[in-house]
Colleague: 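Below you will find the structure I want to go over with you.
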Amino acid sequence: MTVRLSTEEIEEALRGLDGWKTVDGREAIEKSFKFANFNQAFAFMTRVALKAEKMDHHPEWFNVYSRVDVTLATHDVEGLSSKDVALATFMNKIAS
Ligand SMILES: C[C@H](O)[C@H](O)[C@H]1CNC2=NC(N)=NC(=O)C2=N1
């Protein structure tokens, strides 16, 4: 059962998620990742895609060349959940 995070829990989670911020007017978090080139950007997306499938939790994202803009939210709870925090943590880890 996926549980929706409270405002306080979201703020606490963001303190540990470098570069992530809330989206104005929506219960979601976003970050723009910049890579050296398209290959590195797409390699990042490929790894995230495999992780997302394993988690059954998928990002909303946009890629242009070396940039990947990511937005995370949990549709099932119409807000944010621990799955968003886990996927954001994974993204930061592999992008560093
Ligand atoms: C039925 C439901 O859509 C699925 O369980 C998964 C698929 N991937 C998902 N991804 C995201 N971001 N939010 C969800 O609620 C979600 N639900």
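Computed over heavy atoms, backbone and side chain alike; hydrogens, waters and symmetry mates excluded. Ligands are counted one by one from 1 in listed order, and the atoms in each one are counted from 1 as well.
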Colleague: Could you pull out every N or O of ligand 1 that sits under 3.5 Å from a protein N or O, with the distance for each pair?
Modeller:
unit_1, atom_1, unit_2, atom_2, d
ligand 1, 5 (O), D56, OD2, 2.9
ligand 1, 8 (N), D56, O, 3.4
ligand 1, 8 (N), H58, ND1, 2.8
ligand 1, 10 (N), H58, N, 3.0
ligand 1, 12 (N), H58, O, 2.9
ligand 1, 12 (N), A73, O, 2.8
ligand 1, 13 (N), H75, N, 3.2
ligand 1, 15 (O), H75, N, 3.0
ligand 1, 15 (O), D76, N, 2.9
ligand 1, 15 (O), D76, OD1, 3.1
ligand 1, 15 (O), D76, OD2, 3.3
ligand 1, 17 (N), D76, OD2, 3.4

Colleague: Nearest 0.5 Å, what's the OG1-CD distance between T22 and E30?
Modeller: 8.0 Å
Colleague: Rounded to the nearest 0.5 Å, what separates atom CD in E9 from atom CG in L14?
Modeller: 12.0 Å
Colleague: Which distance, rounded to the nearest 0.5 Å, do you find between the OH of Y65 and the CZ of F42?
Modeller: 14.5 Å
Colleague: Between T74 and D76, is there a donor-acceptor pair closer than 3.5 Å when you use the side chain of the first and the backbone of the second?
Modeller: no
Colleague: Do R26 and E60 meet the salt-bridge criterion of a basic N to acidic O distance under 4.0 Å?
Modeller: yes
Colleague: Let me have the donor-acceptor pairs involving side chains of residues 85-95, under 3.5 Å, with sequence neighbours excluded, atom names and distances please.
Modeller:
unit_1, atom_1, unit_2, atom_2, d
T89, OG1, V85, O, 2.7
N92, OD1, W20, NE1, 2.9
N92, OD1, K31, NZ, 2.8
N92, ND2, D18, O, 3.1

